[in-house]
Amino acid sequence: QQPVQSPQAVILREGEDAVINCSSSKALYSVHWYRQKHGEAPVFLMILLKGGEQKGHEKISASFNEKKQQSSLYLTASQLSYSGTYFCGTDSGNTGKLIFGQGTTLQVKP
Amino acid sequence: GAVVSQHPSWVICKSGTSVKIECRSLDFQATTMFWYRQFPKQSLMLMATSNEGSKATYEQGVEKDKFLINHASLTLSTLTVTSAHPEDSSFYICSAPRLAGTYEQYFGPGTRLTVT
């Protein structure tokens, strides 16, 4: 089943923060986050494994709550380059097979 | 990092013809590859799992006779859209997972198919 992302769209000013959530009805082994620009393939951001870990990458970090089957992506001090559509992909059995959420469109304005 | 290529990057074909899209893992072997389809402003929808040496596994609702998948080697999978129709116009993306503790997914750049 497709994970559910929220919100569907976010508009920010440069320097503002955002949180994107991903919720699954199935038990998860891992959650993968990607950013996609228009007309391009998704670009990998990070993977989170079951066990409730958190990860950070520059000003982008994420958490994974295994019990709640939820993951959140945190974007701090947003930059214009952060604009795009963010997808979470979930893997239930460490097979590499990802089911993607519907996406969250993020627009960062000057 | 690992690289996955796709060819062609875009293709325009006439209704009723067939189109082949190639997906290659350039610096690692992939016994499994995945094919996704993405319509404008929509998510990536998994079409099928391509397995080297065995038949592909198709997701529910995907016609296996229309979307032929062949995993010819450990670095190459092909998707052939047979008897293409305008509704098949989409962005087709392949991915190859590489095991590094867990499976990291590497996406190809995608193929834009337009059927006229």
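What you see is a predicted model, and the numbers here were worked out from it, not measured in a lab. The chains referred to below are lettered A, B, ... by the order of the sequence lines, with proteins before strands, and numbering in each begins at 1.
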Which answer fits B/Glu59, side chain, backbone, both or neither, if we ask what part of it has an atom under 4.5 Å from a heavy atom of chain A?
side chain
When A/Thr85, A/Thr105, A/Ile99, A/Leu98 are compared by non-hydrogen pairs under 4.5 Å with chain B, the top option
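Top count of heavy-atom pairs under 4.5 Å with chain B: A/Leu98.
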On a heavy-atom basis, the closest approach of B/Gln38 and A/Phe87 is NE2-CZ, 3.7 Å
Is there a continuous path of hydrophobic side-chain contacts, each under 4.5 Å between heavy atoms, that joins [X] to [Y]?
X	Y	answer
B/Tyr36	B/Ile21	no
A/Trp33	A/Leu106	yes
B/Trp10	B/Val4	no
A/Ile47	B/Phe107	yes
B/Met45	B/Val81	no

Residues in residues 34-43 of chain A near chain B [non-hydrogen atoms, under 4.5 Å]:
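So the qualifying residues are A/Tyr34, A/Gln36, A/Gly39, A/Glu40, A/Ala41, A/Pro42.
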Show the numbers, then the answer: is there a ring pair (Phe, Tyr, Trp, His ring centres under 6.0 Å) between A/Phe44 and B/Tyr106?
CA-CA 8 Å; A/Phe44 171 77; B/Tyr106 295 93; 7.4 Å; no
In Å and rounded to the nearest 0.5 Å, what is the CG to NZ distance from B/Leu46 to A/Lys97?
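Between atom CG of B/Leu46 and atom NZ of A/Lys97 there are 6.0 Å.
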NZ of B/Lys20: more than 12 outside heavy atoms within 6.0 angstrom?
no
Please say whether more than 12 non-hydrogen atoms of neighbouring residues, nucleotides or ligands are located less than 6.0 Å from CD in A/Gln8.
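No, the 6.0 Å shell around CD holds no more than 12 heavy atoms from other groups.
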For A/Gly101, is there any backbone N or O sitting under 3.5 Å from a side-chain donor or acceptor partner on B/Ser43?
yes
Say whether, by atom type as modelled, one donor and one acceptor occur between the side chain of B/Gln105 and the main chain of A/Gly96 under 3.5 angstrom.
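Checking the backbone N and O of A/Gly96 against the side chain of B/Gln105, a donor-acceptor pair under 3.5 Å is found.
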